[in-house]
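The analysis underlying the following values was restricted to heavy atoms, covering all of them including side chains, and did not include hydrogens, waters or symmetry mates. Just so you know, ligand 1 is whichever comes first in the structure, and atom 1 is the first atom listed for that ligand.
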Amino acid sequence: MTTQIGVLQAIKHAIETTGTAALYITHDLAVVAQIADDIMVLRHGKTVEYGSARQIIEAPVETYTQALVNTNSLQKEQAADQSGAVLKIENISAKYSNGVTVLHDVSMHLPKGQTLAIVGESGSGKSTLARVVTGLLPPVQGSVTFDGQVLTPALKNRTKQDLRRLQLIYQMADTAMNPRQTVRQIIGRPLTFYEGLRGDAKTARVQELLDQIEMGKGFIDRYPAELSGGQKQRVAIARALAANPEVILCDEPTSALDPLVAEGILKLLMRLQKERELSYVFITHDIGIVRAIADSVAVMHKGKLVRFGPKSEVLSPPFDDYTNTLLKSVPEMRLGWLDETLGA
Ligand SMILES: Nc1ncnc2c1ncn2[C@@H]1O[C@H](COP(=O)(O)OP(=O)(O)OP(=O)(O)O)[C@@H](O)[C@H]1O
Ligand SMILES: [Mg+2]
């Protein structure tokens with residue numbers, strides 16, 4: 001979000017100073033509201049609505065445009081009791097093979113059945129922390145505790161049971177699935193690995209999982225390339241669920257999706273959380289998503305933990321400087337927001 005403001009400012013400046021005309025293509029309506037004179041809304045290759053930025057943002061006529069303007073309306077009531085922890089991250093420092101330390105003494109915890117959001121700008125170390133927790137990158141210092149037991153640092157030394165309990169959903173569903181495998185094989189693999197399911201029993205369970213992620217019949221023999229972005233992400237969720245996990249780490253699972261599809265995925269994750277008492281670590285750039293899903297929030301900056309606490313505390317004043325900058329950088333769905341922010 002902080003990077004995005006700089007980019008928007010540069011584009012706006014370029015248009016104004018050179019008198020160049022611009023077409024800005026995006027799925028973020030709050031962003032175009034800041035720089036566009038006119039807005040065209042497209043869907044399925046057709047124009048849904050076309051008008052001045054003011055009309056589209058303030059008085060959209062079509063139902064689809066209205067839905068776009070009103071996304072981010074999800075709000076989660078924060079869990080009252082945040083004591084206890086299914087996952088505890090303590091004093092983690094980590095570095096890659098080039099020797100540069102990218103995490104410095106990071107600690108946070110996640111109570112059972114709740115959602116911990118990790119926010120912070122690009123490069124702040126969010127994905128690296130997810131790698132440490134899943135054992136892909138053993139830390140140089142600190143420990144990860146699951147349900148009271150310290151996890152072995154390296155993935156290859158973890159027990160099958162440890163692997164099962166902790167699943168990861170990647171930011172890019174495209175690269176997280178084998179393009180040569182069908183949905184049946186992708187979701188079936190953990191069923192065989194963890195539960196020894198084969199044949200008809202396996203197929204029945206795959207179909208059951210597809211039903212749970214609200215993908216009907218007819219998807220089971222498709223390849224990833226035959227699915228939309230949102231459908232691929234649903235399959236990734238089903239694959240994580242197939243392991244019957246207790247904690248799911250979600251690394252920006254909706255950032256590549258349009259806002260309505262993203263909202264559908266968030267609703268699905270929230271429903272599954274209630275039904276299965278799942279706990280989530282949810283990595284995101286998007287403060288709107290934090291408001292929608294989180295119980296507690298960790299703010300990271302340059303590999304360090306800046307703030308950690310219940311959502312209501314972290315997202316309300318008094319703020320530290322960095323959290324304040326992050327919050328002020330979230331585009332609001334109204335005209336003139338960017339000018340006010342830059343003027344201030
Ligand atoms: N494989 C790697 N080898 C060396 N350095 C890496 C590697 N992967 C990431 N880094 C560095 O580690 C730091 C943290 O990266 P990380 O991917 O954890 O950030 P992030 O917070 O997830 O960012 P984003 O929001 O863009 O996904 C960055 O400075 C990055 O350049
Ligand atoms: Mg990342």
Contact residues of ligand 1, where a non-hydrogen atom lies under 4.0 Å away: Tyr96, Asn98, Val102, Glu121, Ser122, Gly123, Ser124, Gly125, Lys126, Ser127, Thr128, Arg131, Glu252, His285
Give a yes or no on this: more than 12 heavy atoms of other residues, nucleotides or ligands lie within 6.0 Å of atom NZ of Lys46. no
Does Asp221 come within less than 4.0 Å of Arg184, counting only side-chain N to carboxylate O? yes
Check this for me: does any side-chain nitrogen of one of Glu340 and Arg334 sit under 4.0 Å from a carboxylate oxygen of the other? yes
For the CG atom of Leu103 and the CG atom of Leu305, what is their distance to the nearest 0.5 Å? 10.5 Å
Carboxylate-amine/guanidinium contact Glu246 Arg164, below 4.0 Å: yes
Taking atom types as modelled, find out whether Thr101 and Tyr96 have a side-chain donor-acceptor pair closer than 3.5 angstrom. no
Is the distance from the Mg ion (ligand 2) to some N, O or S atom of Gln171 under 2.8 Å? no
